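Take a look at the structure below.
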Amino acid sequence: GESVGLHLPTLSVQEGDNSIINCAYSNSASDYFIWYKQESGKGPQFIIDIRSNMDKRQGQRVTVLLNKTVKHLSLQIAATQPGDSAVYFCAETGDDKIIFGKGTRLHILP
Amino acid sequence: GAGVSQSPSNKVTEKGKDVELRCDPISGHTALYWYRQSLGQGLEFLIYFQGNSAPDKSGLPSDRFSAERTGGSVSTLTIQRTQQEDSAVYLCASSRNQQGSEEKLFFGSGTQLSVL
């Protein structure tokens with residue numbers, strides 16, 4: 001949904017553990033989904049995408065899972081590192097619109 | 001290669017003054033987007049350009065905000081009579097094809113606007 005007016009939720013993870021960031025998307029007609037990573041002082045950057053005809057896609061240390069039944073998207077980061085500290089946004093595309101999720105701040109504990 | 005470039009990176013202005021923010025998209029990208037991000041918050045959509053036209057202006061918060069795009073390339077976001085609540089990071093993004101296609105957005109680093 002729209003990300004206006006709310007402070008970002010924070011996920012704190014021990015360095016080396018796996019991180020799971022969740023996103024509930026809003027439009028059942030959305031057919032393309034992207035995860036973006038935003039580091040401090042920078043714009044969001046593409047991490048990984050998935051089309052609606054898939055339920056899982058893997059990248060380097062990252063995996064995106066899509067559950068269309070419950071309109072849920074998740075990003076899994078394996079062996080979390082300090083450089084993974086950032087805000088993560090999901091985005092859905094459908095009906096000629098792009099909608100960003102509210103974002104989740106990932107905080108890495110030493 | 002060259003990414004999305006925004007200028008200035010920081011802008012401090014007095015309440016009531018007008019400001020112009022500039023975005024240079026990636027060459028050849030037909031779609032251009034402006035977003036606003038307040039401190040510690042998510043992305044607020046402002047406006048979308050396809051070529052030089054703006055089929056979606058639904059996010060502009062008031063008539064003090066306007067944007068244009070010329071030559072299918074550079075875009076300028078203008079805020080007139082700035083207010084303190086306009087203080088935020090203004091992000092520009094571009095993509096190869098129109099919104100709604102399976103395209104990833106490439107973002108600039110943003111302009112940090114501070115209205116005193």
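Chain naming here is simple, since letters A, B, ... match the order of the sequence lines and numbering starts at 1 in each. What you see is a predicted model, and the numbers here were worked out from it, not measured in a lab.
In the hydrophobic cluster analysis, where Ile, Leu, Val, Met, Phe, Trp and Tyr join through side-chain heavy atoms closer than 4.5 angstrom, B/Val4 is grouped apart from B/Val89. By the rule that hydrophobic residues join a cluster once side-chain heavy atoms approach within less than 4.5 Å of another member, A/Ile34 and B/Ile26 end up as members of separate clusters. Under a hydrophobic-cluster definition in which Ile, Leu, Val, Met, Phe, Trp and Tyr are linked whenever side-chain heavy atoms come within less than 4.5 Å, directly or via other members, A/Phe46 and B/Leu105 are assigned to the same cluster. Linking Ile, Leu, Val, Met, Phe, Trp and Tyr whenever their side-chain heavy atoms come within less than 4.5 Å puts A/Leu73 and A/Met54 in one cluster. Follow the hydrophobic side-chain contacts under 4.5 Å out from A/Ile47 and you reach A/Leu11 in the same cluster.
With rounding to the nearest 0.5 angstrom, the CD1 atom of A/Ile99 is 13.0 Å from the CG atom of B/Leu43.
Closest of all the heavy-atom pairs between A/Gly43 and B/Leu91 is CA-CD2, 3.9 Å.
Counting non-hydrogen atoms of neighbouring residues, nucleotides and ligands closer than 6.0 angstrom, the CD atom of B/Glu85 exceeds 12 such neighbours.
Cluster partners of B/Phe65, by chain and number: B/Val19, B/Leu21, B/Leu32, B/Trp34, B/Leu46, B/Ile47, B/Phe49, B/Leu60, B/Leu77, B/Ile79, B/Tyr90, B/Leu113, B/Val115. The rule joins Ile, Leu, Val, Met, Phe, Trp and Tyr whenever side-chain heavy atoms lie under 4.5 Å apart.
Annotation: residues 61-69 of chain A contacts chain B through no residue [non-hydrogen atoms, separation under 4.5 Å].
Of the possible polar contacts, none joining the A/Tyr36 side chain to the B/Lys104 backbone as a donor-acceptor pair under 3.5 Å is found.
Taking the ring centroids of A/Phe100 and B/Phe45, they lie at or beyond the 6.0 Å cut-off.
Pairs of residues two or more places apart, or lying in two chains, that qualify as disulfide bond (SG atoms under 2.5 Å apart) and include a residue from residues 8-99 of chain A are A/Cys23-A/Cys90. Sorted by first and then second residue, the disulfide bond (SG atoms under 2.5 Å apart) pairs with a member in residues 45-80 of chain B form an empty list; sequence neighbours excluded.
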Verdict with reasoning, B/Tyr33 to A/Ile98, per side chain to side chain contact (heavy atoms under 4.5 Å, CB included): CA-CA 10 Å; B/Tyr33 311 77; A/Ile98 300 171; 3.7 Å; yes
CA sep, side-chain torsions, deciding dist, call: B/Gln37, A/Gln38, side chain to side chain contact (heavy atoms under 4.5 Å, CB included): CA-CA 12 Å; B/Gln37 187 174 35; A/Gln38 186 178 26; 2.8 Å; yes
